[in-house]
Amino acid sequence: MVARYNPQEIEKKWQQKWADDRLYEVSEDESRPKWYALTMFPYTSGDLHIGHWYAMAPSDVHARFKRMQGYNVLHPMGFDAFGLPAENAAIKRGVHPFKWTMQNIDNMRRQLKSIGAIYDWSREVITCLPDYYKWTQWFFLKLYEHGLAYRGKAPVNWCPTCQTVLANEQVVDGFCERCHSAVSQRDLEQWFFKITKYADELMAHNTIDWPERIKIMQKNWVGKSVGTEISFALDHPAVDDKEIKVFTTRPDTIFGVTFMVLAPEHPLVSKLTAPEKKTEVSEYIKRSQRQTEIERLATDKEKDGVFIGSYVVNRLNNEKVPIWVADYVLLSYGTGAVMAVPAHDERDFAFAKKYKLPIRVVIAPPDWQGKELAEAYIEDGTMVNSGQFNGLPSKQGIEAVSDFLEEKGWGGRAVSYRLRDWLISRQRYWGAPIPMIYCPKCGIVPVPEKDLPVLLPEDAEFKPSGESPLKYNEKFINTTCPRCGEAAKRETDTMDTFMCSSWYFLRYASPSYDTAPFDSDKVKHWLPVDLYTGGAEHAVMHLLYARFFIKALRDMGLVGFGEPFSRLFNQGIIIAEKQKMSKSRGNVITPDEYVSELGADTVRAYLMFVAPWEQGGEWNDSGISGISRWLNRLWKLVLAEYHPSDRVSPETSKKAERELARITHQTIRRVSEDLERLRLNTMIAALMELTNYLTKASERGEVSQPAQKEAIDSLLRLLAPTTPHLAEELWQKTGHSYSIHNQRWPGWDKELARDEEITLVIQINGKLRDRITVPASITEEEAKKVALTREKIKAYLEGKKVSQIIYVPGRLVNLVVR
RNA sequence: GCCGAAGUGGCGGAAUAGGCAGACGCGACAGUCUCAAAAACUGUUGAAGGGCAACCUUCGUGUCGGUUCGAGCCCGACCUUCGGCACCA
């Protein structure tokens, strides 16, 4: 009788041993190629849920596979530890964010260890610790030094009752999550990073192996559009500027401009508003400011606006163009001003209809008879009513008008991006303080490098309103100016946590380096990350910010590469009961209970088997029991004593051994290829098939003892990445020396894996009619002959003429008959 | 609205340089073992029809068309679901 498979016991035992032996600690080793396998580090929410496992376990399997292939694998783990939830916990439950976060980390580290991954814990990184955020602040200073950080005005969500700034997620349908007052917009001076400087480069993904989907999302996010800037002449006593610029992708419609629209926040609005319009305009602006957040949710909101009583002149035809203000124009895009061409833009059309503004056709649709348009015609066409440009097709018109504008100095070709600069200021406590000082004499002065880190004070007083305690911390705020030595004040805003995660992957290379954020040699050795895995929810923010960061560091000469992640893979999501897991639905799967009942190996294998990794799937209790059954069967198979039958002839035995070798080598090939491509569900299926085959073969007893043993050894090594504990235990129990995880990944022999026989399919007019087992070496001639001599086929051919025979080597013969 | 992904048995999913649809697993049914149950093991399992039987026939990959000797896979139109962006001038 074989001892039962007892995962609890063996998993604990091996995890302890691997840790004691520091089996997975890694250092630079020039004799082996390096492999940097990184999983997005988790936010310190408190509990590791099954989604974390779904991110971590399969990537560990792949990393282990690479390790057995002979790579020196760096597979680190850490914690994204700054952020709003810690502060909410402080307000709600009176726990200090630091304490709350570190407790969560302790718990999550314990849970992470239960996965049985090859994490090198000696490299752990925690972003909220001063020895980490010191360098986050250092990067801020570097970006500032290189002109990539600047101060600008930006609106924030403001709750008038709490007297505080709210994050977007604290605004629910336009109301404060806490006190339910209406949230308004307020301009604050804040810090920005010039990510737009890299807009073009961020759209280029040609050197990296990323999912097409993510690349497209990033491209859309950057949203480059090529167009023309056109200036309209302005002559107004209150304004020095003699022009207002607009951006358009359709300069060919310039003669169709019948009004101009400014964004409500446009700086010229107040100056250009005629005295008799003041009340109306300021009311409109107030309303739109108040409504933005609430109304933003309503997609097809009716376009409205107000005429401000001033005009510009369209220089191409010297027409007076009335200026309106309307909130469908955004200050943050283009120039914040739009030339309205109602005949050829849907929004302008609706607006013109509503306010009875003229609609002039300047691009003729193909069969246009000169009639009024029922709706905006936004396609290309032929220019009409456009002076010297009449008759030009749109495409040529765009060029001709742009040339003309450039000649006259009235504008020219321009590019506009949807991407905006990265606003990194947060009016929060639990983040890395922005290392800046405001001196009444010297102005804005960066904290000198030697004074880093600017420590987050521990004695923080949390107000239920959610206001940042830093603002009221006298000890923190009051400092002296590093330049003149006079009394000065510190910046009280902290940094966006995306800043912490934009460089953590560099820190893993030298996690305790204390004279710089990283040791250049080590970064040179390990980076870029060879395979980065994580959820697609980070497609644009985190992944774009990290790419920006690296490009900026490259231009500063700090790193020698421009892309942080050579290959990216996004896993799907695990759902339960057809729905996303959430506490409120009460359908959260907690891995701990499954681990303690069935073992980590079973959970690991199940997560890989349940669905393609990139797709995600539904957690199902009876599904996991299938994995559990398989591993139990496998356990018994490996440990059962194998006795070859003595009633087997040498020929039978030889044939059976050849088949066994073939199946084994085919499986090695399938598993290796599936792992490479991260097709983990079919990899598990291949392992199950080999297990099933070996079980049957053992019963037959046709192969010799050594042949059987060789097959089992291969199976165990193939299993090692997926079920590391089980494989280690069985490796030891079958008499091998510790550790299976230092074994070489099995290779496959092409010759041994080759099929000797194939099933030849015979079709008539593409329909399957017969199957024959033939030697794999069959020639085209023979295959056709065999097909035509089959009784079944003959019956079908009765009285018909074969007009064509199609042969697909190794697969089929298709007879085309009439 | 725009961009992107995906629709295959009762269920999760296999199969794409166009070539045996349904691998592997779950569930279900039947059987072995048992006083009984659980577990385990064995067998059957896309649908409809036919045959005593090994088997045979027809239909079948969201819908409708097309290309091809041959389409789950390619092309066109549409439907549905999911993800992303939401007035981008």
Side-chain angles (χ1 to χ4, degrees), chain A residues 211-221 223-225 227-228 246-250 253 260-261 263 295-303 326-330 332-341 344-348 350-351 378 416-420 536-537 539-540 570 572-573 575 580 606 609-612 614-627 629-630 632-633 636 670 679 681-689 691-692 695 758-771 792 802-817:
Chain A
E212 216 45 49
R213 205 165 42 104
I214 304 296
K215 293 196 272 187
I216 289 168
M217 273 194 226
Q218 291 203 337
K219 267 185 202 148
N220 292 344
W221 189 265
K224 181 179 185 171
S225 66
T228 306
V246 299
F247 174 81
T248 180
T249 53
R250 293 295 300 273
T253 64
M260 174 181 276
V261 188
E295 292 281 304
R296 192 152 286 169
L297 295 161
T299 345
D300 38 309
K301 185 190 122 194
E302 199 176 284
K303 317 257 167 293
D327 62 8
Y328 76 89
V329 173
L330 310 173
S332 53
Y333 186 76
T335 60
V338 164
M339 62 176 217
V341 185
H344 306 293
D345 181 279
E346 283 167 4
R347 293 154 303 181
D348 299 344
F351 197 84
I378 58 171
S416 212
Y417 297 92
R418 208 192 77 106
L419 180 73
R420 301 173 203 171
E537 67 273 19
V540 279
N570 293 117
I573 343 174
I575 56 168
K580 223 172 160 170
Y606 176 60
F609 185 62
V610 68
E614 73 258 52
Q615 184 190 305
E618 189 179 348
W619 182 273
N620 182 310
D621 278 359
S622 54
I624 197 171
S625 71
I627 295 290
R629 281 201 279 251
W630 165 51
N632 273 294
R633 266 198 336 267
K636 281 185 222 156
R670 284 171 67 188
R679 300 173 38 135
N681 55 332
T682 50
M683 176 203 68
I684 302 283
L687 290 170
M688 286 174 167
E689 280 179 66
T691 312
N692 293 346
T695 307
I758 54 156
T759 304
L760 186 71
V761 164
I762 303 172
Q763 297 182 337
I764 292 175
N765 291 339
K767 285 202 169 181
L768 176 91
R769 291 305 178 194
D770 202 2
R771 275 181 256 253
K792 248 180 104 172
V802 177
S803 63
Q804 198 186 345
I805 304 179
I806 287 151
Y807 174 68
V808 183
R811 292 195 188 269
L812 59 81
V813 175
N814 186 17
L815 307 172
V816 185
V817 305

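Side chains are part of it too, since the values below use all heavy atoms of this structure and drop only hydrogens, waters and symmetry mates. In the text below, chain A, chain B and the rest are named by the order of the sequence lines, each starting its count at 1.
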Which is it for A:K767 and A:N765 under the side-chain contact (heavy atoms from CB on, under 4.5 Å) test, yes or no, and what are the steps along the way? CA-CA 6 Å; A:K767 285 202 169 181; A:N765 291 339; 5.7 Å; no
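Nucleic acid contact class of A:W221 (heavy atoms, under 4.0 Å, all strands): sugar-phosphate only. Across all strands shown, A:N632 has no heavy atoms under 4.0 Å from either base or sugar-phosphate atoms. Within the nucleic acid shown, A:E346 has no heavy atom closer than 4.0 Å to any nucleic acid atom. At a threshold of 4.0 angstrom between heavy atoms, the contacts of A:R811 are confined to the sugar-phosphate backbone, with no base atom among them. Residue A:I216 is in sugar-phosphate contact alone, with no base atom involved, counting any heavy-atom pair closer than 4.0 Å across all strands shown. Note on A:K792: only backbone sugar-phosphate atoms sit closer than 4.0 angstrom, heavy atoms only; bases stay farther off. Backbone-only engagement by A:V610 is indicated by non-hydrogen atom pairs under 4.0 Å involving sugar-phosphate atoms exclusively. When heavy atoms are screened at a 4.0 angstrom cut-off, A:R769 is found touching the sugar-phosphate backbone but no base atom. Residue contacts shown for A:V338 include a base, since a base heavy atom lies under 4.0 Å away. Contact annotation for A:E618: no contact, since no heavy-atom pair falls under 4.0 Å across all strands. Residue contacts for A:G617: at a heavy-atom cut-off of 4.0 Å it reaches no nucleic acid atom on any strand shown. Nucleic acid contact class of A:R213 (heavy atoms, under 4.0 Å, all strands): sugar-phosphate only. Residue A:V329 is in base contact, counting any heavy-atom pair closer than 4.0 Å across all strands shown. If you check every strand for non-hydrogen atoms under 4.0 Å, A:D345 touches nothing.
How far CE of A:M683 is from CZ of A:R670: 11.5 Å, rounded to the nearest 0.5 Å. Between A:L812 atom CG and A:Y807 atom OH the span is 9.5 Å, to the nearest 0.5 Å. To the nearest 0.5 Å, atom CD of residue A:Q218 and atom CZ of residue A:R213 are 12.0 Å apart.
Side-chain nitrogen and oxygen atoms of A:R629 include at least one within less than 4.0 Å of the OP1 or OP2 phosphate oxygen of B:A40. In terms of phosphate contacts, A:R347 brings a side-chain nitrogen or oxygen within less than 4.0 Å of OP1 or OP2 of B:C88. The side chain of A:S803 places no N or O atom within less than 4.0 Å of a non-bridging phosphate oxygen (OP1 or OP2) of B:C69. Using a 4.0 Å cut-off, no side-chain N or O of A:N220 falls inside it from OP1 or OP2 of B:G4.
Taking the syn range as angles within 90° of 0, the glycosidic angle of B:G9 is syn.
Both A:I573 and A:S625 lie near RNA chain B, and the one whose nearest nucleotide falls closer to the 5' end is A:S625. Two residues, A:R771 and A:P612, neighbour RNA chain B, and the one matched to the more 5' nucleotide by heavy-atom proximity is A:P612.
Atom name P, nucleotides B:C24 and B:C74: the rounded distance is 26 Å, in whole Å. As rounded to the nearest Å, B:G50 and B:A40 have C1' atoms that lie 38 Å from one another. Across B:A86 and B:C2, the matching C1' atoms stand 9 Å from one another, rounded to whole Å. When the C1' atom is compared between B:U34 and B:A39, the two are found 11 Å apart, to the nearest whole Å. B:A23 and B:U44 are spaced 12 Å apart, taking the P atom of each and rounding to whole Å. The same atom, P, is picked in B:A21 and in B:G46; the two are 14 Å apart, to the nearest Å. Atom name P, nucleotides B:C69 and B:C11: the rounded distance is 36 Å, in whole Å. The separation of B:A17 from B:C85, taken at their C1' atoms, amounts to 35 Å, rounded to a whole angstrom.
Listed nucleotides B:C85, B:C87, B:G19 differ in distance to A:N814; the shortest reach to its side chain belongs to B:G19. Taking every side-chain heavy atom of A:L768 into account, B:A21 is the closest of B:C24, B:A21, B:C69. Of all nucleotides listed (B:G27, B:G19, B:C24), B:G19 comes nearest to the side chain of A:L812. The side chain of A:A685 sits closest to B:A23 out of B:C87, B:A23, B:G19. Of the candidate nucleotides B:C20, B:A89, B:A86, B:A89 has the atom nearest to the side chain of A:F247. In the set B:G19, B:C24, B:A15, B:G19 carries the atom at the smallest distance from any side-chain atom of A:I806.
You'll find the side chain of A:M260 reaches within 4.5 Å of the side chain of A:V246, heavy atoms only. With a 4.5 Å cut-off on side-chain heavy atoms, A:M688 and A:I627 count as touching. Counting only heavy atoms from C-beta outward, the side chains of A:I684 and A:Y606 never approach each other to under 4.5 Å. By the 4.5 Å heavy-atom criterion applied to side chains, A:M339 and A:T253 are counted as neighbours.
With 3.5 Å as the limit, one finds a donor-acceptor pair spanning the side chains of A:N692 and A:R633.
Between the C1' atom of B:C41 and the CG atom of A:N692 lies a distance of 13 Å, rounded to the nearest Å. The nearest whole Å value for the distance from the CZ atom in A:R633 to the P atom in B:A39 is 15 Å. Whole-Å rounding puts the A:L815 CG to B:U68 C1' distance at 17 Å. The separation between A:Q763 atom CD and B:G18 atom C1' is 11 Å, rounded to whole Å. Counting to the nearest Å, the P atom of B:G12 and the CH2 atom of A:W619 are 17 Å from each other. Atom CE of A:M217 and atom P of B:G4 are 11 Å apart (whole Å). One interatomic measurement links the two molecules: CZ of A:R418 to C1' of B:C2, which rounds to 12 Å at whole-angstrom precision. A:K767 places its NZ atom 19 Å from the P atom of B:G19, with the value rounded to the nearest Å.
Between the side chain of A:Q615 and the base of B:G13, no donor-acceptor pair of N or O atoms lies under 3.5 Å. With hydrogens and angles ignored, no donor-acceptor pair under 3.5 angstrom links the side chain of A:K219 to the base of B:C3.
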